[in-house]
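Here the structure is laid out as structure tokens; the discussion comes afterwards.
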Amino acid sequence: MQGGNLLSKVTGKCLCETVSYEIEGQLGPIFNCHCSKCRRWHGAAFRTRASIRSDQFRWLSGEQNVTTYPSSENVTKHFCRTCGSPLISTYKDRPDVIGVPLGGLEGDIQGEPEAHIFIASKASWHQITDSLPQFDSWPGSESRVRNTNA
């Protein structure tokens, strides 16, 4: 659903269920990211993700069990220190935005990915078989991916 992925409230959690969180409101555009960092962080062919405003997010439990890793000068990955589950990404240049991997969410998310991004570095063993648009890097700009639909 371009222009916003509606949900009222959804929760997410890590594999060991120590850390849980809640998101309230609308997700930004959904993308399948095939960059090498997302593939390594998720141990998968790609990461399906969206952005939200930081005021839409709150930890419900286990926040003391969240640890971080600066994956680049601008991006910090947050994950469970017990099971290693990826939780969120934060951005030094956009402190009001949080990147959310959709795989950890529970609940009904209305919407579908808009595109595959960073396919120039996709896994050689993975074939994209849907008709979504494909971009070698950003889909026009980084801002499009970090859009929160606010």
Side-chain angles (χ1 to χ4, degrees), residues 1-54 56-57 66-94 96-150:
M1 172 186 301
Q2 201 158 356
N5 301 291
L6 300 176
L7 56 103
S8 56
K9 194 180 285 188
V10 295
T11 58
K13 62 177 103 172
C14 65
L15 179 61
C16 70
E17 301 184 4
T18 299
V19 180
S20 64
Y21 54 91
E22 177 180 81
I23 297 169
E24 192 164 358
Q26 184 178 12
L27 295 176
I30 298 171
F31 292 96
N32 292 328
C33 185
H34 294 261
C35 79
S36 60
K37 287 186 179 184
C38 281
R39 288 190 290 111
R40 286 192 302 265
W41 190 36
H42 291 265
F46 56 88
R47 168 189 181 213
T48 303
R49 53 96 56 223
S51 292
I52 58 170
R53 295 182 325 273
S54 57
Q56 293 177 260
F57 181 90
V66 176
T67 192
T68 62
Y69 173 72
S71 63
S72 70
E73 185 177 315
N74 188 48
V75 180
T76 299
K77 303 297 189 185
H78 301 248
F79 55 96
C80 175
R81 83 173 64 243
T82 301
C83 66
S85 292
L87 299 166
I88 62 172
S89 299
T90 54
Y91 311 99
K92 195 179 290 185
D93 68 341
R94 288 182 168 98
D96 57 332
V97 173
I98 293 176
V100 179
L102 272 56
L105 298 180
E106 298 176 329
D108 188 23
I109 297 172
Q110 313 246 327
E112 297 177 1
E114 292 186 11
H116 294 276
I117 60 175
F118 289 95
I119 64 157
S121 60
K122 78 171 191 59
S124 62
W125 47 265
H126 175 70
Q127 297 300 316
I128 298 172
T129 59
D130 59 42
S131 60
L132 292 174
Q134 298 180 23
F135 298 90
D136 283 344
S137 62
W138 298 108
S141 72
E142 179 182 357
S143 294
R144 179 72 186 127
V145 174
R146 306 281 187 249
N147 180 8
T148 63
N149 287 323

Which heavy-atom pair separates [X] from [Y] by the least distance, and what is that distance?
{"X": "Val75", "Y": "Arg146", "answer": "CG2-NH2, 4.4 Å"}
{"X": "Cys16", "Y": "Cys83", "answer": "N-SG, 3.5 Å"}
{"X": "Arg49", "Y": "Gly99", "answer": "NH2-CA, 3.5 Å"}
{"X": "Ser51", "Y": "Val145", "answer": "OG-O, 3.1 Å"}
{"X": "Asn147", "Y": "Pro29", "answer": "O-CD, 3.3 Å"}
{"X": "Cys38", "Y": "Arg47", "answer": "SG-CD, 3.5 Å"}

About how many Å separate [atom2] of [Y] and [atom1] of [X], when rounded to the nearest 0.5 Å?
{"X": "Phe79", "Y": "Ile88", "atom1": "CZ", "atom2": "CD1", "answer": "12.0 Å"}
{"X": "Ile98", "Y": "Ser54", "atom1": "CD1", "atom2": "OG", "answer": "5.5 Å"}
{"X": "Gln56", "Y": "Ile23", "atom1": "CD", "atom2": "CD1", "answer": "7.5 Å"}
{"X": "Ile30", "Y": "Glu114", "atom1": "CD1", "atom2": "CD", "answer": "8.0 Å"}
{"X": "Leu87", "Y": "Thr68", "atom1": "CG", "atom2": "OG1", "answer": "11.5 Å"}
{"X": "Glu142", "Y": "Asp93", "atom1": "CD", "atom2": "CG", "answer": "6.0 Å"}

Would you say that [X] contacts [Y] through its side chain, given a criterion of any heavy-atom pair below 4.5 Å between the two side chains?
{"X": "His126", "Y": "His34", "value": "yes"}
{"X": "Ser137", "Y": "Phe118", "value": "yes"}
{"X": "Pro113", "Y": "Thr48", "value": "yes"}
{"X": "Leu105", "Y": "Thr11", "value": "no"}
{"X": "Ser71", "Y": "Trp41", "value": "no"}

task: Go through the steps to decide whether Asp130 and His116 satisfy the test side chain to side chain contact (heavy atoms under 4.5 Å, CB included), and finish with yes or no.
output: CA-CA 10 Å; Asp130 59 42; His116 294 276; 3.0 Å; yes
Evaluation steps, side chain to side chain contact (heavy atoms under 4.5 Å, CB included), between Asn74 and Lys92: CA-CA 5 Å; Asn74 188 48; Lys92 195 179 290 185; 3.4 Å; yes
query: Is the closest side-chain donor-acceptor distance between Arg94 and Ser143 under 3.5 Å?
result: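 Note: Arg94 and Ser143 side chains meet the donor-acceptor criterion.
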- prompt: Listed by chain and number, what are the ring-ring contact (aromatic ring centres under 6.0 Å, His included) partners of Phe57, not counting sequence neighbours?
  reply: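 Checked Phe57 against ring-ring contact (aromatic ring centres under 6.0 Å, His included); matches are Tyr21, Trp59.
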task: Kindly determine whether Val97 and Ile52 satisfy side chain to side chain contact (heavy atoms under 4.5 Å, CB included), including the steps that lead there.
output: CA-CA 6 Å; Val97 173; Ile52 58 170; over 6 Å; no
- request: Can you establish whether the number of heavy atoms outside Glu106 located under 6.0 Å from its atom CD is more than 12?
  value: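 More than 12 heavy atoms, drawn from other residues, nucleotides or ligands, come within 6.0 Å of this atom.
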- prompt: Does Thr148 reach the main-chain N or O of Arg53 with its side chain, forming a donor-acceptor pair under 3.5 Å?
  reply: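 A pair under 3.5 Å: no.
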